[in-house]
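Please read the structure below before turning to the comments.
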Amino acid sequence: MIARASQLFLPTLRDDPADAEAVSHKLLVRGGFIRQVAGGLWTFMPLGWRVHRKVEQIVREELDAFGSQEMLMPVLTPAELWEATGRISIPELFRLKDRAGRDYVLPLTHEETVAFHGREIQSYKDLPQIWYHFQTKDRDEPRPRGGLLRLREFIMKDAYSFDRDEAGLDQSFRKHSVAYARIFERCGIEAHEVAAESGMMGGSGSRDFLAPSGSGENTLVTCENGDYAADLEIALGRPSPPDFPEELAEPQAVETPGQRTIEGVSQFLGIDPRATAKAMPVVADGRLVLALVRGDDRLNEMKLLEALGEDFRPAEQEEIRQAFGASGGSIGPVGASAEVIADEALREGQYVVGANRDDVHLRGVQAGRDYEPRFADLREIREGDACPECGGHLHLQVAIEVGHIFKLETQYSAPLGATFLDEDGSEKVLVMGSYGIGPARIMAAAVEQNHDEQGIVWPRSITPYDVHVVALPGVEEQAAAAAQELDAAGADVLLDDRDQRAGEKFADADLIGCPLRVTVGKKTLDDGAVDVRDRESGEEGRVPIGELRGVV
RNA sequence: CGGGACGUAGCGCAGCCUGGUUAGCGCGCCUGCUUUGGGAGCAGGAGGCCGGCGGUUCGAAUCCGCCCGUCCCGACCA
């Protein structure tokens, strides 16, 4: 088909929107793909919707390929279903009433509804079943952000599997994992499958698909040797070993006037910051606890929370002075009148720590000898940590979660009474899995991963149009002829027939980012050939109009 | 929900601190002429409850209070 730019609703912007941070946010708005209606609520304009539908179609094909069945479940959902599973109390859930006062919810996902339908499955002979739909999800997000990165309303492809048992679930899970890898590859984005937290979905296992990106809410940890990938929140990594100074038979006090930071202390003493330890005093349940991590590490508060088993807050100046007799920058574990929890990295070796006297530190302090800590994993994984598989360097990247798959087991089918009769005549609860993909996030990831200074560089598979034909003044007929040639070859063509200057049209073409640009201009009048330019490489060549179908 | 920033024309911004007549600039938009292979030039023009409400004042875009909205960091997050 041929779309004429002169008639399209395609408002491109010269400047970045003032409230945009993420590249995908800026470029999708500037390119006329999306517009914001309110916080977290976005309209897909004609071009944006074309991309969304192309992503959907790829997802659809890959799911259908292994026997998944597309259907459509309603958004408006009776609250009873959510009361049954207890998810009615999730804060993000939108609730509403009809005129008769009946309660409804706008689903976060459709587990309840799909389990409701699962009740119609009677026999093991009907299993397995895999159902999916593309449907609107609403979430009362506390903080939408980044254009399409976190929305309050969005379309999700959510799929659900029903199996007889664990083994069946494993297979359904595996099939999705394989299909997802194909989907992301076909969409032209890099995504890594990693172990993930199950969050509110519950269940026995879940895996994330993370697409590295300039902006995102997750952090992907990968090994340089390609044998390890994980979400930062659960990643394992070993700190690089410190250059320890000479061992000491016992701790030795040294004056460190004015040195309150790890940087300052290690520079002043001329030692590796990795051979120091820093102490974070916190108050949990009214008692003081000293959390100890290596000087170059950061304390992961989630991990400390887990280690403590209860909520905590940072200790205040006054509490610190009272308990340690020194201020925050000079405290340490030796002789401290508080419980000490030390990071695993501090098990071996001698470290420099605060002496609990202002402007004094202790050299050669050794866990187990000079103080008795409880050890726990407290440190945040960092760039350059050693891979738990091979010891290679770990690399951290900001990433977008583009897909997430869960083993739900019977968490939803049991409360909703979705059972079947097994081969032996016994009634069993259906074993479920759920599998989500966000097409809008794939769009965002595709832009994050494929753009340059001028604009978007769409992967061919999800581009709004295959070819962007720029018609320059005086050769309108030849431009239309070129567009028709391309159309005849099966390409979707955007024909820029607007009454604009060449520079403006070129700039818009670069911004919008179709893979091929065909320029029809003066030279065309001479020899009947047009300029064909590859958006990604910038390579340009002349092709006779009659031979254009060969380029697509 | 905690911290921060912002809200003035379709978009990007100045003006506000130090109140004072018709509220400015760039881009875009409309009309005409000239231009036309990388965001043209000239001339003319349209477009604003200065986020909302209340207060102070002779007078408020400007000062004060409350509210709403948007973005960023954190918390949270399928």
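Below, chains carry the letters A, B, ... as their sequence lines are ordered, and counting in each starts from 1.
Atom pair A:Arg498:CZ and B:U36:C1' shows a separation of 15 Å (rounding to whole Å applied). Spacing between atom CG of A:Leu472 and atom C1' of B:G39 amounts to 14 Å, rounded to whole angstrom units. Across the protein-nucleic acid pair, A:His25 atom NE2 and B:C11 atom P stand 13 Å apart, rounded to whole Å. Atom-to-atom, CD of A:Glu233 to P of B:A75 comes out at 9 Å; the value is rounded to the nearest Å. A:Asp499 has its CG atom 10 Å from the P atom of B:C29, to the nearest Å. Atoms CD (A:Gln500) and C1' (B:A40) sit 12 Å apart, rounded to a whole Å. As a whole-Å value, the separation of A:Arg152 CZ from B:A78 C1' is 17 Å.
Here, B:G45 and B:U57 have their P atoms 42 Å apart, quoted to the whole Å. Between B:G2 and B:A40, the two P atoms lie 49 Å apart (nearest whole Å). Only the C1' atoms considered, B:A14 is 28 Å distant from B:C66, to the nearest whole Å. Between B:G7 and B:C64, the distance separating the two P atoms is 14 Å to the nearest Å. Taking atom P in both B:G37 and B:A43, the straight-line distance is 23 Å, to the nearest Å. Spacing of P atoms, B:A23 relative to B:G55, comes out at 24 Å, to the nearest Å. Going from the C1' atom of B:G3 to that of B:C17 covers 24 Å, rounded to whole Å. Going from the C1' atom of B:G20 to that of B:C1 covers 43 Å, rounded to whole Å.
Under a 4.0 Å N-O distance rule, the pair A:Asp297/A:Arg382 qualifies as a salt bridge. Between A:Lys303 and A:Asp343, none of the side-chain N atoms (NZ, or NE/NH1/NH2) sits under 4.0 Å from a carboxylate O, so this pair counts as no salt bridge.
Residues A:His192 and A:Glu190 have side chains that bring a donor and an acceptor to within less than 3.5 angstrom of each other.
For the pair A:Gln36 and B:C71, the criterion of a side-chain N or O lying under 4.0 Å from OP1 or OP2 is met. Remark: A:Arg501 is not in phosphate contact with B:G39, judged by side-chain N or O atoms under 4.0 Å from OP1 or OP2.
Using a 4.0 Å heavy-atom distance criterion, A:Gly521 is classed as a base contact. Using a 4.0 Å heavy-atom criterion, one finds that A:Arg35 contacts no nucleic acid atom at all. Contacts of A:Ala20 with the nucleic acid, taken as non-hydrogen atoms under 4.0 Å apart, are absent. Using a 4.0 Å heavy-atom distance criterion, A:Gly146 is classed as a sugar-phosphate-only contact.
The partner of B:G37 cannot be assigned: no Watson-Crick or G-U wobble pair with both contacts below 3.5 Å exists in any strand. Across all strands shown, B:A78 has no partner, as no Watson-Crick or G-U wobble contact with both distances under 3.5 Å is found. When both pairing distances are held under 3.5 Å, B:G69 makes a Watson-Crick or G-U pair with B:C6. Pairing for B:A23 is absent, judged as Watson-Crick or G-U wobble with the two contacts each under 3.5 Å. Base pairing of B:A43: its partner is B:U31, meeting the Watson-Crick or G-U wobble criterion (both donor-acceptor distances under 3.5 Å). Partner assigned to B:C17 is none, using Watson-Crick or G-U wobble distances below 3.5 angstrom.
Here the options are A:Phe162, A:Tyr160, A:Tyr435, A:Phe116, the test is ring pair (Phe, Tyr, Trp, His ring centres under 6.0 Å), and the partner is A:Trp131; only A:Phe162 passes. Considering A:Arg517, A:Lys522, A:Arg542 as possible partners of A:Asp531, the one that fulfils the salt bridge (charged side-chain N to carboxylate O under 4.0 Å, His left out) test is A:Arg542. Checked options A:Val59, A:Ile58, A:Val402; the residue passing with A:Cys187 is A:Ile58 (criterion: side-chain contact (heavy atoms from CB on, under 4.5 Å)).
Each of B:C77, B:A75, B:G38 was ranked by its minimum atom distance to the side chain of A:Arg143; first place goes to B:A75. Among B:G37, B:G28, B:C13, the nucleotide with an atom closest to any side-chain atom of A:Ala18 is B:C13. Here B:C77 is the nucleotide among B:A78, B:G39, B:C77 with the atom lying nearest to any side-chain atom of A:Glu92. Each of B:G39, B:G37, B:C77 was ranked by its minimum atom distance to the side chain of A:Glu217; first place goes to B:C77. Each of B:U70, B:G37, B:A78 was ranked by its minimum atom distance to the side chain of A:Ala502; first place goes to B:G37. Here the nucleotide nearest the side chain of A:Asp15, chosen from B:G37, B:C29, B:G12, is B:G12. Comparing B:A75, B:G39, B:C77 against the side chain of A:Pro142 picks out B:A75 as the nearest. Nearest nucleotide to the side chain of A:Thr524, out of B:A78, B:G37, B:G12: B:G37. Checking B:C27, B:C73, B:A78 against the side-chain heavy atoms of A:Arg145 singles out B:C73 as nearest.
Under a cutoff of 6.0 Å and an axis angle of 45°, A:Arg50 and A:Tyr465 form a cation-pi pair.
Each of A:Pro107 and A:Thr519 lies near RNA chain B, and the nucleotide nearest A:Thr519 is the one positioned closer to the 5' end. Both A:Asp19 and A:Lys523 lie near RNA chain B, and the one whose nearest nucleotide falls closer to the 5' end is A:Lys523.
Using cut-offs of 30° and 60° for the angle between ring planes, the A:Tyr132 and A:Phe134 rings count as perpendicular.
For A:Arg139 and B:A78, a side-chain-to-base donor-acceptor distance below 3.5 Å is present, hydrogens and geometry of angles not being considered. At a cut-off of 3.5 angstrom, the base of B:G38 holds at least one donor-acceptor pair with the side chain of A:Asp510. In this model, no side-chain donor or acceptor of A:Arg30 finds a partner on the base of B:G28 within 3.5 Å.
Centroid-to-centroid, the aromatic rings of A:Phe184 and A:Phe209 come within less than 6.0 Å. Proximity of the aromatic rings of A:Phe33 and A:Trp42 is defined here by a centroid distance below 6.0 angstrom, and this criterion is not met.
Between the side chain of A:Ser68 and the backbone N or O of A:Leu63, at least one donor-acceptor pair lies under 3.5 Å.
At a non-hydrogen distance threshold of 4.0 Å, nothing from residues 463-470 of chain A comes into contact with RNA chain B.
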